[in-house]
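All values below come from the heavy atoms of this structure, side chains included, with hydrogens, waters and symmetry mates left out. Chain letters run A, B, ... following the sequence lines, proteins first and then strands; every chain starts at 1.
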2 protein chains.
Amino acid sequence: MAERISDAEHAVMEVLWDESPLSAQDVGERIPAGRDWSANTVKTLLGRLLAKNIIGHQEEGRRYLYRPLVERGDYVAGESKKLMDRLFGGKLTPLVAHLAERDELTDSDIAEIEALLKALKS
Amino acid sequence: MAERISDAEHAVMEVLWDESPLSAQDVGERIPAGRDWSANTVKTLLGRLLAKNIIGHQEEGRRYLYRPLVERGDYVAGESKKLMDRLFGGKLTPLVAHLAERDELTDSDIAEIEALLKALKS
DNA sequence: GGCTATTGACTACATCCGTAATCGAGACGA
DNA sequence: TCGTCTCGATTACGGATGTAGTCAATAGCC
């Protein structure tokens, strides 16, 4: 397992993580606009995710309802780790330092993170 | 520009970011073990990176020396942002929170980041 | 001057990805 | 019962990717 989730597949997963189980049609309706897919495309992606055992299905009448088999948290953890490993030698500090250097952290971001860290230490 | 760098290409870039200019052969020798590429593979990747204008070359005798045209920092910034946008709504705080929750932050990580943030505020 | 080794260029090819059309089986209305 | 609509399954297809072989030019060796 631990099969790769492609970008298009990820969009489908976000829908299912947000709400499930859903039919193929429901998923299609919930795909964010901009990603202008035909119903067939959604079905193909669901099929691929099924084949990879990343989602499961249950019959409901003459159609399927799909639900995630993988927790969003697990997926997110894996992706985050991959990025940190690849670009920051596996450490978060350089990532934060990098963002700070790039002025991509506002004062309120900093305050939020400080508060979070304070809470973690208690 | 701002062409996509694939995974295999990224391995080549890391070598060049670390040291440049290098010949194709030098790059091949510096690719980390485990990634067991033939010399031809390295040359193909260099060619693709050249075509995308991500690296440049200069003649040195009858061969080329390659060097990056893109800063590692810029690349890293883009990738980090992409991850945060995709998984954390573009905010760093949830990423930190997520890692903390997963016990992927040691006490010394937390201390380091706190020190970093403190420095940022001054 | 011809043979051989090196180097970049070009070609190859299987897989994955994004996107979608088509097909076949069952459900449903006429 | 027959055509139609709806689903999932299968097939399609161009482009990117990972990996590598072959070709043509050149440069050095004998």
Side-chain angles (χ1 to χ4, degrees), chain A residues 1-16 20-67 69 75 78-79 82 86, chain B residues 1-16 20-67 69 75 78-79 82 86:
Chain A
M1 67 213 84
E3 296 266 11
R4 159 136 210 82
I5 297 179
S6 80
D7 208 59
E9 287 162 5
H10 177 236
V12 170
M13 290 308 290
E14 287 293 349
V15 170
L16 287 175
S20 78
L22 290 178
S23 70
Q25 192 177 26
D26 290 338
V27 172
E29 281 164 10
R30 268 154 248 234
I31 293 288
R35 196 78 90 136
D36 221 15
W37 286 338
S38 86
N40 288 323
T41 300
V42 174
K43 283 192 244 173
T44 298
L45 292 171
L46 286 169
R48 287 180 185 169
L49 287 165
L50 262 183
K52 295 191 210 170
N53 263 300
I54 293 166
I55 62 177
H57 56 4
Q58 89 204 45
E59 283 189 49
E60 192 254 12
R62 68 224 145 79
R63 63 194 184 161
Y64 289 155
L65 295 184
Y66 301 87
R67 69 173 67 251
L69 294 180
Y75 172 70
E79 292 298 299
K82 244 188 292 178
R86 214 160 52 99
Chain B
M1 64 212 85
E3 296 268 10
R4 159 136 211 84
I5 297 178
S6 81
D7 207 60
E9 288 161 5
H10 177 237
V12 170
M13 290 308 290
E14 287 293 348
V15 170
L16 288 175
S20 78
L22 290 178
S23 71
Q25 192 177 26
D26 290 339
V27 171
E29 281 164 11
R30 267 154 249 234
I31 291 287
R35 194 79 87 138
D36 221 15
W37 286 338
S38 86
N40 288 323
T41 299
V42 174
K43 284 193 246 173
T44 299
L45 292 171
L46 286 169
R48 287 182 186 170
L49 287 165
L50 262 184
K52 295 189 209 172
N53 262 301
I54 293 166
I55 62 177
H57 55 4
Q58 89 204 46
E59 284 189 49
E60 189 254 12
R62 68 222 144 79
R63 63 193 182 160
Y64 289 154
L65 295 184
Y66 301 87
R67 68 173 68 252
L69 294 181
Y75 172 69
E79 291 299 298
K82 244 189 289 180
R86 212 160 51 99

CG of B/Leu50 to CG of B/Leu45: how many Å apart, nearest 0.5 Å?
11.5 Å
B/S/- contact track for nucleotides 18-30 of chain D, protein heavy atom under 4.0 Å
BBBBB----S---
Taking all atoms of both residues into account, what is the closest heavy-atom pair of A/Glu14 and B/Arg86, and its distance?
OE2-O, 4.2 Å
What's the NE2-C1' distance between A/His57 and D/dG8, to the nearest Å?
9 Å
Rounded distance (Å) that lies between atom P of D/dT10 and atom CG of A/Leu46:
15 Å
Got A/Leu22 and A/Leu46 here, is their nearest side-chain heavy-atom distance under 4.5 Å?
no
Taking only residues two or more places apart in sequence, or in another chain, which ones meet A/Glu60 in a side chain to side chain donor-acceptor pair (under 3.5 Å)?
A/Arg63
Provide, to the nearest angstrom, the distance between the CG atom belonging to A/Asp26 and the C1' atom belonging to D/dG8.
15 Å
How about A/Glu79 and A/Ile5: do any of their side-chain heavy atoms sit closer than 4.5 Å?
no
B/Ala24 vs A/Ile5, nearer the 5' end of DNA chain C by closest nucleotide:
B/Ala24
Provide the full list of ring-ring contact (aromatic ring centres under 6.0 Å, His included) pairs with a residue in residues 39-65 of chain B, sequence neighbours left out, each pair given once.
B/His57-B/Tyr64
Any side-chain heavy-atom pair of A/Ile54 and A/Glu3 under 4.5 Å:
yes
Please report, to 0.1 Å, the donor-acceptor pairs under 3.5 Å made by any side chain of residues 28-37 of chain B, with sequence neighbours excluded.
unit_1	atom_1	unit_2	atom_2	d
B/Arg30	NE	B/Asp26	O	3.3
B/Arg30	NH1	B/Glu19	OE1	2.4
B/Arg30	NH1	B/Glu19	OE2	2.9

Report the residue from B/Met13, B/Arg48, B/Arg67 that forms a side-chain contact (heavy atoms from CB on, under 4.5 Å) with B/Ile55.
B/Met13
Once you round it to whole Å, what is the distance between P of D/dA16 and CG of B/Leu49?
14 Å
Over 12 non-hydrogen atoms of neighbours within 6.0 angstrom of CD in A/Glu59
no
Quickly work out the B/Arg4 CZ to D/dG15 C1' distance and round it to whole Å.
14 Å
The helix from C/dG1-D/dC30 to C/dA30-D/dT1: angle between terminal helix axes, five bp per end, to the nearest 10 degrees, reads 30°
Taking any atom under 4.0 angstrom from a heavy atom of chain A, which nucleotides of DNA chain C are the first and last to qualify, 5' to 3'?
C/dC17 to C/dA27
Which pair of heavy atoms, one from A/Leu65 and one from A/Ser23, lies closest together, and at what distance?
CD2-N, 3.6 Å
